[in-house]
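All values reported here derive from a predicted model rather than from experimental measurement.
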Amino acid sequence: MPEEYDEREQQLYQTALEVLSDIWKNRLAVIKSDYEANSMRYDRDILDQMENLLQRWENMYSNPVGTLKYIIISPLNSGIITKSYELQIALFDQDLYINENPLCFYWSPEFIYKDVEKDMAVYRKTASKEIIRLREDEVNEVRRRYVLCHAYICMFYMDKIIREIFKTSIWKKVAADDVQVLYGTYMEQMVELGTALEEGE
């Protein structure tokens, strides 16, 4: 049974690679074109929400200077299930993760994720012809891996946004000198944004 499962799993992901690799190349071009045409609107949306969150942080403290130690930007696993593809953007002081209800908001960069289901429909149609009794949980696992490609692009976008946030007056009011902005999933290795992150590294 394990050998049969391994062979099926291999077929599942080989089909995904064949179908989605070309789609992803085209999708990258579409995402880039969409962003270039609408960047001011997309950027303003997230910048306004982040500045509002920082303002709420300032209002929580009588002396807010230097209290902000971490911003954690996390793609939510639940967002894959609900197909909302949300990020949680949360603020923390020095007691990282002790606060189970951090000051946060949820946001989805729709211009990055909006065609995921369209692409997965193409995968499902092809895979169902090649894989006997293709199961929904198998399609969901392929979706999860495909969404990781989008999350990688999202990481670079959020790095750009964070660099803009660094320039705001509200940031200077609340951020500690050693503040860290981290991108990734809770309890997994995270990437620090706003430092030397460069596309392609």
> Among pairs that include at least one residue of residues 123-132, which meet salt bridge (Lys or Arg N to Asp or Glu O under 4.0 Å), considering only residues two or more places apart or in two chains?
Replying inline: R124-E136
>> If you count every heavy atom of other residues, nucleotides or ligands that lies below 6.0 Å from E117 atom CD, does the total exceed 12?
In response: yes
>> Starting from Y106 and following side-chain heavy-atom contacts under 4.5 Å between hydrophobic residues (I, L, V, M, F, W, Y), which residues can be reached?
In response: L76
> Just checking, any donor-acceptor pair under 3.5 angstrom between side chains of D6 and Q10?
Replying inline: no
>> Once salt bridge (charged side-chain N to carboxylate O under 4.0 Å, His left out) is applied, do any residues pair with D22, and if so which ones, sequence neighbours excluded?
In response: none
> Are any side-chain N or O atoms of E138 and backbone N or O atoms of R135, one a donor and one an acceptor, separated by less than 3.5 Å?
Replying inline: yes
>> D93: which residues meet the salt bridge (charged side-chain N to carboxylate O under 4.0 Å, His left out) condition with it, sequence neighbours left out?
In response: none
> Do we see a donor-acceptor contact under 3.5 Å between the side chains of Y42 and D34?
Replying inline: yes
> With Y61, which residues qualify under ring-ring contact (aromatic ring centres under 6.0 Å, His included), at least two apart?
Replying inline: W57
> Partners of R44 by salt bridge (charged side-chain N to carboxylate O under 4.0 Å, His left out), sequence neighbours excluded?
Replying inline: D48, E51
> Taking only residues two or more places apart in sequence, or in another chain, which ones meet S169 in a side-chain hydrogen bond (donor to acceptor under 3.5 Å, both in side chains)?
Replying inline: none
> Is the closest basic N to carboxylate O distance between R163 and D159 below 4.0 Å?
Replying inline: yes
> What residue pairs, at least two apart or across chains, pass salt bridge (Lys or Arg N to Asp or Glu O under 4.0 Å) with a residue in residues 59-78?
Replying inline: K69-D178
> Taking only residues two or more places apart in sequence, or in another chain, which ones meet Y123 in a ring-ring contact (aromatic ring centres under 6.0 Å, His included)?
Replying inline: none
> Of all residues at least two apart in sequence or in a different chain, which pass the side-chain hydrogen bond (donor to acceptor under 3.5 Å, both in side chains) check with D43?
Replying inline: Y35, Y157, K160
> Is the Y70-F92 ring centre distance short of 6.0 angstrom?
Replying inline: no
>> Taking salt bridge (charged side-chain N to carboxylate O under 4.0 Å, His left out) as the definition, give me every residue that meets it alongside K118, ordered by chain and number, with sequence neighbours left out.
In response: none
>> I'd like to know if the side chain of N140 pairs up with that of R143 as donor and acceptor (distance under 3.5 Å, no hydrogens or angles considered).
In response: yes
>> Is it the case that the side chains of Q55 and E58 hold a donor-acceptor pair, with the cut-off being a distance below 3.5 Å and no angle test?
In response: yes
> Residues two or more places apart in sequence or in another chain: which of them pass ring-ring contact (aromatic ring centres under 6.0 Å, His included) with Y146?
Replying inline: W24, H150
